[in-house]
There are 2 protein chains.
Amino acid sequence: MSCSVVLKEKGLRLTPQRRLILDIIHEADAHLTAEEIINSVQSKMPGVNKSTIYRTLELLEELNCVFKSEVDDKFIYHHAEEGHHHHIICRKCGKSIDCAEHIFHSVETSLNKEYGFHADFKHVVTTGLCSDCLNKV
Amino acid sequence: MSCSVVLKEKGLRLTPQRRLILDIIHEADAHLTAEEIINSVQSKMPGVNKSTIYRTLELLEELNCVFKSEVDDKFIYHHAEEGHHHHIICRKCGKSIDCAEHIFHSVETSLNKEYGFHADFKHVVTTGLCSDCLNKV
DNA sequence: ATTATAATTGCAACCAGGTGCAATAACAAT
DNA sequence: ATTGTTATTGCACCTGGTTGCAATTATAAT
């Protein structure tokens, strides 16, 4: 379901600022940092306050329209599509790879069996070195 | 090897501020947040600047004397003892459980086989719900 | 088309954490 | 004990992100 419809359904308003932020996130093929989003918004619509942007991103996250995660002390956002929930990000080249969900299943079950612990593994972002950067030493 | 010896070996100085911070981290049986450390330091030695404390913690981390990790957008620190590198933290009661290292081995090998990716799994902190809080609903 | 209402914005101030720099102090050498 | 070197501190300011609040504006009702 389209993000703008989700907004309307909740009695929330589709302001020009929100429309712009939604467009930017939809058009991006990879994840965007908060800074990139702020720059992009303000280049097309100067004067939009950063708090508006942060609040919109927070709202969209709550509505499950975007995913927010943290890499390297920075927040990153991307449009929420069903299917691939985990990411591995190379700390050298910054490349982001969608990671099959099943890879974390074994950890989830182990933590459950050994500690009775139910881990929050809805959207894991893991950093490391990708194959290219490993070989390129 | 004692933290103060590690300092001296590198030509670094054991100032009263550093001695105090080391004491606090050594005496703590669980992890401490940055805020807790700052409060504790300043109650015993008013006037110590927060930047001194953050810099000391950063230094101790580089020397592998303390582990720094992030939970809930806050930094936590604890004394580095060999053996248990992973933690699971309950997002409800805050309890921290040391987690056997082997649990993450399967993910590491899967990521390597399937994507040629070498994950940074030196000290993983995972949040979720512990068995007590799961049952206590 | 006007109006009422509540969601949203921009602003200014705030927070945790980090940084450049001049003043201070730990330690080694004398 | 004094001195010189240089690591360390405190300060003031910066950063990304958050929040309270008064002014604005999208939307529904008339």
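Each chain gets a letter, A, B and so on, in the order its sequence line appears, and its residues count up from 1.
- Spacing between atom CD1 of B:I76 and atom C1' of C:dA16 amounts to 16 Å, rounded to whole angstrom units.
- At D:dG17, one or more side-chain N or O atoms of A:Y54 fall inside 4.0 Å of OP1 or OP2 (strictly under the cut-off).
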task: Could you walk me through whether B:H86 and B:F104 pass the ring-ring contact (aromatic ring centres under 6.0 Å, His included) test, one step at a time?
output: CA-CA 9 Å; B:H86 302 321; B:F104 283 85; 5.0 Å; yes

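- Residue B:T52 places its side chain closer to D:dT9 than to any other of C:dT9, D:dT9, C:dT8.
- When heavy atoms are screened at a 4.0 angstrom cut-off, B:K10 is found touching no nucleic acid atom at all.
- Between the base of C:dG17 and the side chain of B:R55 there is no donor-acceptor pair shorter than 3.5 Å.
- The CZ-C1' distance, from B:R18 to C:dT24, rounds to 14 Å in whole Å.
- A straight line from CD of B:E9 to P of D:dA7 spans 17 Å, rounded to a whole angstrom.
- OP1 and OP2 of C:dA7 both lie 4.0 Å or more from every side-chain N or O belonging to A:T15.
- Closest contact between the side chain of B:A34 and the listed nucleotides D:dT19, C:dG17, D:dT18 involves C:dG17.
- Mapping B:Q17 and A:L14 onto DNA chain C via the closest heavy atom, the residue that lands nearer the 5' end is A:L14.
- When rounded to the nearest whole Å, the span between CD1 of B:I21 and C1' of D:dT8 equals 12 Å.
- Listed by residue number, the members of residues 40-51 of chain A with any heavy atom below 4.0 angstrom from DNA chain C are A:G47, A:V48, A:N49, A:S51.
- When all heavy atoms of A:C133 and A:C90 are compared, the closest pair comes out as SG-SG, 3.8 Å.
- Look at NZ on A:K74: it is 8 Å from P on D:dG17, rounded to the nearest Å.
- Between A:F67 and A:H123, the angle of the ring planes stays under 30°, which puts this pair in the parallel group of the 30/60° scheme.
- Counting to the nearest Å, the C1' atom of D:dT27 and the CG atom of A:L7 are 13 Å from each other.
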- prompt: Could you go step by step and tell me if A:K92 and A:D132 meet the salt bridge (Lys or Arg N to Asp or Glu O under 4.0 Å) rule?
  reply: CA-CA 10 Å; A:K92 208 163 181 183; A:D132 292 348; over 6 Å; no

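- Closest non-hydrogen pair, B:I89 versus B:H31, comes out as CD1-NE2, 4.1 Å.
- Put simply, CZ on B:R13 is 10 Å from P on D:dT9, counting in whole angstrom units.
- For the pair A:K8 NZ and C:dT8 C1', the interatomic distance rounds to 14 Å; values are reported in whole Å.
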